Amino acid sequence: MVIFMAKILITDPVHEECIHILRKAGFIVDTAYGVSQEELIKVIGDYDALIVRGRTKVTKEVLAAAANLKVVGRAGVGLDNIDVEEARKRGVEVVYTPQASTIAVAELTIGLMLSLLRKLPYADRNLKNGRWEKPRLHGFELKGKTVGIVGFGRIGRAVAKRVLAFEARVIAYDVADIKALAQELGVEVVSSLEELLREADIVSIHVPLLPETRQLIDEKAIYTMKKGAYLINTSRGEVVDTKALLKALKEGHLAGAALDVFEHEPPAEDWEWELVKHPNVVVTPHIGAQTAEAQRAAAIQVAESIIKALSHRM
Ligand code: NAD
């Protein structure tokens, strides 16, 4: 059967279950973790399917060189590293695993929220360095605070559910009609981003990176937030104007920020490092989906979607 000859290239590390399922189904699977764009363009012509996570950029140039490509699989959520429009034009299907990382990102967001409110990373660092700074470590409780969720999709809703368990008030803003979903959870819908920013003590961002969401949280938005509020971004770095964020933190307008995602990953510019090292900033190196459960689920889902897509096309 021709399907046995199909070749699949994986260019970012995925859970081994993915390779196992694909090989068991009879596919030839090659891995080239960390391959450069130039190398990828040279070799992609040999493959029927490509599996990536967030690192590999599936650009126009890559797609133009991919004469045999039928499907691109993204193990994860967020398709901003794939030129989906160009893929569609070339008849290349794009599949991804939207549900796999929802809980992992939501739980990280809660961890970041509590880390900010109780200054946990600061307390840990200082005690390990021999400093018992109890008097300086006064924090806040989540109970009774207003948490604003921007983007009430899978992750936004999962964060809302967990925040509600802390007896906080949750308000949400989305461009889609979220009234019914919000009502079901006990979340209040606000009619504009501005209203959410004005009301929330903690703002958590959960929108995809799209042309309309690039720098959605710009300087004006940051200064619309309450003085002393906190900002959490586990979506994409480009959604927040991080230079303006640094300014607002230095001026004391915001009490703190927690970031899992950055414009450059790893941060490249001096001002990005200044932000990362700011005492009121808690950072993690894009680990939102990095749990055993999420990685395994993404690997299985992407493998199954690739098999389905190829079996339709071979
Ligand atoms: P989703 O598609 O379920 O939800 C996104 C929501 O944002 C939708 O309800 C959509 O209507 C809304 N939205 C779009 N544009 C908006 C705008 N301008 N203003 C307000 N709302 C807007 O996606 P999801 O599964 O919840 O994931 C959200 C994002 O989280 C992903 O696109 C990805 O970028 C990011 N993510 C990060 C990690 C990580 O490792 N940190 C992991 C997974 C996902």
Side-chain angles (χ1 to χ4, degrees), residues 12-15 52-55 57 74-82 84 94-113 148-163 170-182 184-185 187 189-197 200 203-218 220-221 224 231-241 257-263 265-266 282-299 301-302:
D12 296 325
V14 290
H15 191 282
V52 302
R53 284 181 61 196
R55 185 200 66 92
K57 308 281 175 255
R74 157 82 161 102
V77 64
L79 294 174
D80 42 285
N81 57 322
I82 299 171
V84 179
V94 177
V95 297
Y96 67 123
T97 63
Q99 285 95 13
S101 47
T102 303
I103 303 303
V105 181
E107 289 187 0
L108 177 72
T109 305
I110 300 298
L112 293 173
M113 214 173 275
I149 308 274
V150 182
F152 201 61
R154 285 173 294 262
I155 297 172
R157 292 197 297 276
V159 170
K161 260 193 208 171
R162 284 151 182 78
V163 167
V170 180
I171 58 176
Y173 169 72
D174 198 296
V175 285
D177 182 0
I178 55 166
K179 274 192 213 82
L181 287 167
E184 209 177 288
L185 291 181
V187 168
V189 180
V190 293
S191 54
S192 68
L193 176 60
E194 198 184 325
E195 191 184 337
L196 181 141
L197 297 171
V203 173
S204 193
I205 314 292
H206 302 288
V207 295
L209 177 61
L210 302 168
E212 313 84 72
T213 59
R214 191 171 284 274
Q215 305 235 328
L216 179 71
I217 308 299
D218 59 8
K220 185 164 170 265
T224 302
L231 180 71
I232 301 174
N233 187 16
T234 57
S235 66
R236 285 291 179 268
E238 294 90 333
V239 174
V240 175
D241 178 347
L259 307 169
D260 183 48
V261 287
F262 303 86
E263 248 167 277
E265 294 188 354
V282 176
V283 284
T284 46
H286 202 149
I287 59 165
Q290 301 264 95
T291 64
E293 295 86 348
Q295 292 303 308
R296 186 162 184 275
Q301 285 170 27
V302 80

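Given the structure is predicted, the values throughout are model-derived calculations rather than measurements. As the structure lists them, so they are numbered: ligands from 1, and atoms in each ligand from 1.
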Excluding sequence neighbours, so at least two apart, what forms side-chain contact (heavy atoms from CB on, under 4.5 Å) with Val282?
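Expected list: Leu112, Ser115, Leu116, Pro121, Ala258.
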
Could you tell me whether a side-chain N or O of Arg157 sits under 3.5 Å from a main-chain N or O of Ala160, the two making a donor and an acceptor?
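Side chain of Arg157 to backbone of Ala160, a donor-acceptor pair under 3.5 Å: no, none is there.
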
Residues two or more places apart in sequence or in another chain: which of them pass side-chain hydrogen bond (donor to acceptor under 3.5 Å, both in side chains) with Asp12?
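Arg55, Thr56.
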
What residues, two or more places apart in sequence or in another chain, satisfy side-chain hydrogen bond (donor to acceptor under 3.5 Å, both in side chains) together with Gln215?
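If we apply the side-chain hydrogen bond (donor to acceptor under 3.5 Å, both in side chains) test to Gln215, skipping adjacent residues, there are no hits.
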
Establish, from distance only, whether the side-chain atoms of Ser191 and Glu195 form a donor-acceptor pair under 3.5 Å.
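There is such a pair (donor and acceptor under 3.5 Å, judged by atom type) between the side chains of Ser191 and Glu195.
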
Any chance the side chains of His286 and Glu265 put a donor and an acceptor closer than 3.5 Å?
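Distance-only check passes for His286 and Glu265.
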
Identify all N/O pairs between ligand 1 and the protein with a separation under 3.5 Å and present them as a table of atom names and distances.
{"unit_1": "ligand 1", "atom_1": "3 (O)", "unit_2": "Arg154", "atom_2": "N", "d": "2.9"}
{"unit_1": "ligand 1", "atom_1": "3 (O)", "unit_2": "Arg154", "atom_2": "NE", "d": "3.4"}
{"unit_1": "ligand 1", "atom_1": "3 (O)", "unit_2": "Arg154", "atom_2": "NH2", "d": "3.3"}
{"unit_1": "ligand 1", "atom_1": "9 (O)", "unit_2": "Asp174", "atom_2": "OD2", "d": "2.6"}
{"unit_1": "ligand 1", "atom_1": "11 (O)", "unit_2": "Asp174", "atom_2": "OD1", "d": "2.6"}
{"unit_1": "ligand 1", "atom_1": "25 (O)", "unit_2": "Arg154", "atom_2": "NE", "d": "3.0"}
{"unit_1": "ligand 1", "atom_1": "25 (O)", "unit_2": "Arg154", "atom_2": "NH2", "d": "3.3"}
{"unit_1": "ligand 1", "atom_1": "26 (O)", "unit_2": "Arg154", "atom_2": "N", "d": "3.3"}
{"unit_1": "ligand 1", "atom_1": "26 (O)", "unit_2": "Ile155", "atom_2": "N", "d": "2.8"}
{"unit_1": "ligand 1", "atom_1": "34 (O)", "unit_2": "Arg236", "atom_2": "NH1", "d": "3.4"}
{"unit_1": "ligand 1", "atom_1": "40 (O)", "unit_2": "His286", "atom_2": "NE2", "d": "3.2"}
{"unit_1": "ligand 1", "atom_1": "40 (O)", "unit_2": "Gly288", "atom_2": "N", "d": "3.4"}
{"unit_1": "ligand 1", "atom_1": "40 (O)", "unit_2": "Ala289", "atom_2": "N", "d": "3.4"}
{"unit_1": "ligand 1", "atom_1": "41 (N)", "unit_2": "Thr234", "atom_2": "O", "d": "3.0"}
{"unit_1": "ligand 1", "atom_1": "41 (N)", "unit_2": "Asp260", "atom_2": "OD2", "d": "2.9"}

